[in-house]
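Just so you know, these numbers come straight off a predicted model, no measurement behind them.
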Amino acid sequence: MSSYFALLAVLSTVSASAIPTTAPPKTLLISSSAPSSKLADCMKSSYYGTYGGSADSQDHIYLPTEECLSGKTTLNELTSGSLVPLSVNNVDNGRIVWVGQAGVDPSLLSTNIVDSWEMISGRSQEVSLVSADDTAQHVLSNTQSHNQPIQLLHQSPTSMLLHVPQSYLPIIDTLLPSHLVPVALPSKPLPAIANGWEPVPGHFAKHLANITKHLRFSPEIDKIVSEGIEHNQIRRDVRFLTGEAPSGIESRHSFTPGAVKAAHWIKEKVEASGADCHLHIFLDGFAPNVICHYPSSLNSTEHVILSAHYDSRGSFGSTRAPGGDDDGSGTGHLLSVAHAVGTQGVKFKKQVVLAFFAGEEQGLLGSHAYAEHLHAKNTTILLQVQADMLAYHAPGEPLQLGLPESIHLPEATYLIGNLSQIYSPELVVGRTAACCSDHQSFVSYGFPATQVFERNGWIADPFYHNSGDLSQRDGYDFEQIVAIAKVTLSGLLSVAGYRLVLEA
Ligand SMILES: *[C@@H]1O[C@H](CO)[C@@H](O)[C@H](O)[C@H]1NC(C)=O
Ligand SMILES: *[C@@H]1O[C@H](CO)[C@@H](O)[C@H](O)[C@H]1NC(C)=O
Ligand SMILES: *[C@@H]1O[C@H](CO)[C@@H](O)[C@H](O)[C@H]1NC(C)=O
Ligand SMILES: *[C@@H]1O[C@H](CO)[C@@H](O)[C@H](O)[C@H]1NC(C)=O
Ligand SMILES: [Zn+2]
């Protein structure tokens, strides 16, 4: 990591020549120092998020003004960091995207960050000449994107910051080696730190801790989750989504007809369980989020949200993206929760949302838009849980539940861990540094959120982000999806409250 002084020297020469004088110059600051209340106010109000699944190699990103940076104490408050001058074009046309390690087993790492950038840049030229994906090709040929390449703004041993022009955003995932994942920076600074820096207001954490403290086995919840979550149904639904069963879905990449077909199919299935669903269009051309809502039986305004992403990512150059594990498993799990709510006659006391996100593979775009919307509406969220990759464990390993090591609310994670021991004791509960899923968008807006994942430790699935991610293969275990669905449904019942209305 270079020192500030050296970088500031570079910065002053660049800003003098390259940045038009009409717009205020901007500088990205990538720091290993977590945001804290000690930061200068101008830094707090320029916070753009925390990135990376491993607590010891996180990037905290700020976009302070020049005036803020030149403040006497601004940089002294941080232990280390790098400054990256931006030209106005960088900011206005397209998105800044963090790209980092997904957390795969080190033995599966194919390239380092430097070689990865060469690969991305090479592939991005190739894709504008040769069609890798018909729909994306259409987008590319209808813009003037060819003039503006993807740009490397910064790299460290574990991550990169890219400027991705609008036209490349739909296919940024297809250009990355499989072990790297993108997360788009928000287009405005995040609010949480501006309000005095409390990542999640304390009473939400206390509320969840109190629920955890008073947890005990409920025969009624056990009956609902055991009878409501059905192995055969999950298998049928996952195989419909992957195209292993005849569905006509070849890919659920956000820019394919298969994704749109899946969205309508999901909407219909969840509505059959008594929810109201709508298609939430968040960005032109992207498949929509499917947002399904069970109203509160007590007119409560408090929400509990379970989610998964239904879009998928395949191998470079292939149009097949079955996404059986990533995230057909989380999607199938969510459909089984809906099915259980319907068949068991569950009426929730709080508002409950089952959210199926798109645009996850291009940088958490769908969930970010949704979380931003909920924040703008001042929505109260008691708990949000994302299910991303639930099915795979290495052959011979026991059933597992991996909980996040960083980027989560610890009290939310403890609640899920404790529920697992009560309702799915067959799961070995541990931690994972697997990175970057949609719960992160909720954490960014100060909502109490966590994640459930398939394995303790690294991602070990050899078909991760690969066109061979089908459900009929070694290590893909429907029993593990069932066991995790019992945990998330028990969480929904415990936090949202419920009564049973049995129809004659
Ligand atoms: C904690 O939970 C218990 C049992 O659900 C409840 O009776 C109590 O009021 C809660 N306490 C707080 C401070 O919310
Ligand atoms: C909820 O609101 C509706 C409409 O305002 C009202 O008719 C109903 O009685 C309320 N229910 C409860 C449980 O307060
Ligand atoms: C947001 O909601 C909280 C709690 O429900 C309330 O106290 C606050 O006034 C609301 N703020 C706005 C801007 O609506
Ligand atoms: C259960 O909750 C406690 C905090 O109440 C936490 O220390 C513990 O790690 C949790 N157990 C699991 C398996 O997550
Ligand atoms: Zn995923």
Side-chain angles (χ1 to χ4, degrees), residues 44-50 95 183-208 263 266-267 270-271 274-284 286-310 334 338 347-360 363-386 407-409 411-412 437-451 491-492 495-497:
K44 288 179 190 164
S45 58
S46 70
Y47 175 58
Y48 275 74
T50 292
R95 297 285 286 265
V183 183
L185 267 60
S187 36
K188 292 193 295 255
L190 294 170
I193 199 164
N195 309 327
W197 184 239
E198 199 174 19
V200 176
H203 61 274
F204 290 108
K206 287 204 185 97
H207 178 69
L208 292 174
I266 289 167
K267 179 174 186 286
V270 182
E271 281 176 341
D276 290 322
C277 302
H278 74 275
L279 302 179
H280 171 214
I281 295 167
F282 56 91
L283 265 181
D284 243 13
F286 279 80
N289 293 330
V290 185
I291 306 295
C292 297
H293 178 229
Y294 299 96
S296 156
S297 62
L298 299 180
N299 294 342
S300 167
T301 57
E302 296 174 322
H303 290 63
V304 183
I305 303 176
L306 295 186
S307 62
H309 71 90
Y310 75 89
L334 214 50
K347 299 289 172 203
F348 294 106
K349 294 184 176 172
K350 311 287 187 191
Q351 313 260 4
V352 166
V353 172
L354 303 184
F356 302 79
F357 296 120
E360 196 269 356
L364 318 181
L365 300 171
S367 60
H368 191 98
Y370 184 60
E372 186 180 31
H373 163 78
L374 294 176
H375 178 264
K377 284 180 54 188
N378 198 25
T379 308
T380 303
I381 299 178
L382 299 177
L383 176 66
Q384 194 273 339
V385 183
Q386 165 80 352
I407 312 195
H408 66 130
L409 179 72
E411 287 79 2
S437 193
D438 291 313
H439 63 295
Q440 190 169 328
S441 299
F442 290 81
V443 171
S444 289
Y445 283 94
F447 293 127
T450 189
Q451 173 194 19
L492 197 54
V495 180

Who are the side chain to side chain contact (heavy atoms under 4.5 Å, CB included) partners of Leu185, not counting sequence neighbours?
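Partners of Leu185 by the side chain to side chain contact (heavy atoms under 4.5 Å, CB included) criterion, ordered by chain and then number, come out as Leu28, Tyr48, Tyr51, Ile61, Ile96, Trp98, Leu161.
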Task: Residues that Ala308 engages under side chain to side chain contact (heavy atoms under 4.5 Å, CB included), provided they are two or more places apart - done: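 In terms of side chain to side chain contact (heavy atoms under 4.5 Å, CB included), with neighbours along the sequence ignored, Ala308 is linked to Asp327, Thr331, Leu334.
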What is the minimum heavy-atom distance between [X] and [Y], and which atoms define it?
X	Y	answer
Phe282	Ala287	CE2-O, 3.2 Å
Pro201	Gly446	CD-O, 3.5 Å
Val270	Ala338	CG1-CB, 4.0 Å
Ala449	Val443	CB-CG2, 4.0 Å

Any side-chain heavy atom of [X] within less than 4.5 Å of one from [Y]?
X	Y	answer
Pro186	His368	yes
Ile291	Cys277	no
Ile305	Phe442	yes
Leu374	Tyr445	no
Ile381	Thr379	yes

I need the [X] [atom1] to [Y] [atom2] distance, nearest 0.5 Å.
X	Y	atom1	atom2	value
Thr301	Asn299	OG1	CG	10.0 Å
Thr450	His439	OG1	NE2	6.0 Å
Leu190	His375	CG	NE2	9.0 Å
Phe447	Gln384	CZ	CD	9.5 Å
Ser444	Leu364	OG	CG	8.5 Å
His207	Leu382	NE2	CG	5.0 Å

Q. Heavy-atom count around Ile281 CD1 within 6.0 Å, excluding the residue itself: above 12?
A.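 No - once you tally the heavy atoms of other residues, nucleotides and ligands closer than 6.0 Å, there are 12 at most.
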Who pairs with [X] by side chain to side chain donor-acceptor pair (under 3.5 Å), at least two apart in sequence or on another chain?
X	result
Tyr294	Ser273
Ser367	Asp438, Ser441
Gln440	none
His280	Asn289

Partners of Lys188 by salt bridge (Lys or Arg N to Asp or Glu O under 4.0 Å), sequence neighbours excluded?
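Salt bridge (Lys or Arg N to Asp or Glu O under 4.0 Å) list for Lys188, sorted by chain: Glu372.
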- [ ] Would you please name every residue forming a ring pair (Phe, Tyr, Trp, His ring centres under 6.0 Å) with His309, sequence neighbours left out?
- [x]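 Expected list: none.
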Taking only distance into account, with no hydrogens and no angle test, what donor-acceptor pairs under 3.5 Å do side-chain atoms of residues 348-359 form with protein atoms, sequence neighbours excluded?
residue, atom, partner, partner atom, Å
Lys350, NZ, Glu302, OE1, 2.7
Gln351, OE1, His293, NE2, 2.5
Gln351, NE2, Ser300, O, 2.7

Full working for side-chain hydrogen bond (donor to acceptor under 3.5 Å, both in side chains) between Ser437 and Gln451: CA-CA 8 Å; Ser437 193; Gln451 173 194 19; 4.7 Å; no
Scan residues 287-298 for pairs that pass salt bridge (Lys or Arg N to Asp or Glu O under 4.0 Å), counting only residues two or more places apart or in two chains.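 For residues 287-298, and leaving out neighbouring residues, there are no salt bridge (Lys or Arg N to Asp or Glu O under 4.0 Å) pairs at all.
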May I have the step-by-step check of side chain to side chain contact (heavy atoms under 4.5 Å, CB included) for Thr380 and Phe204, ending in yes or no?
CA-CA 10 Å; Thr380 303; Phe204 290 108; 3.7 Å; yes
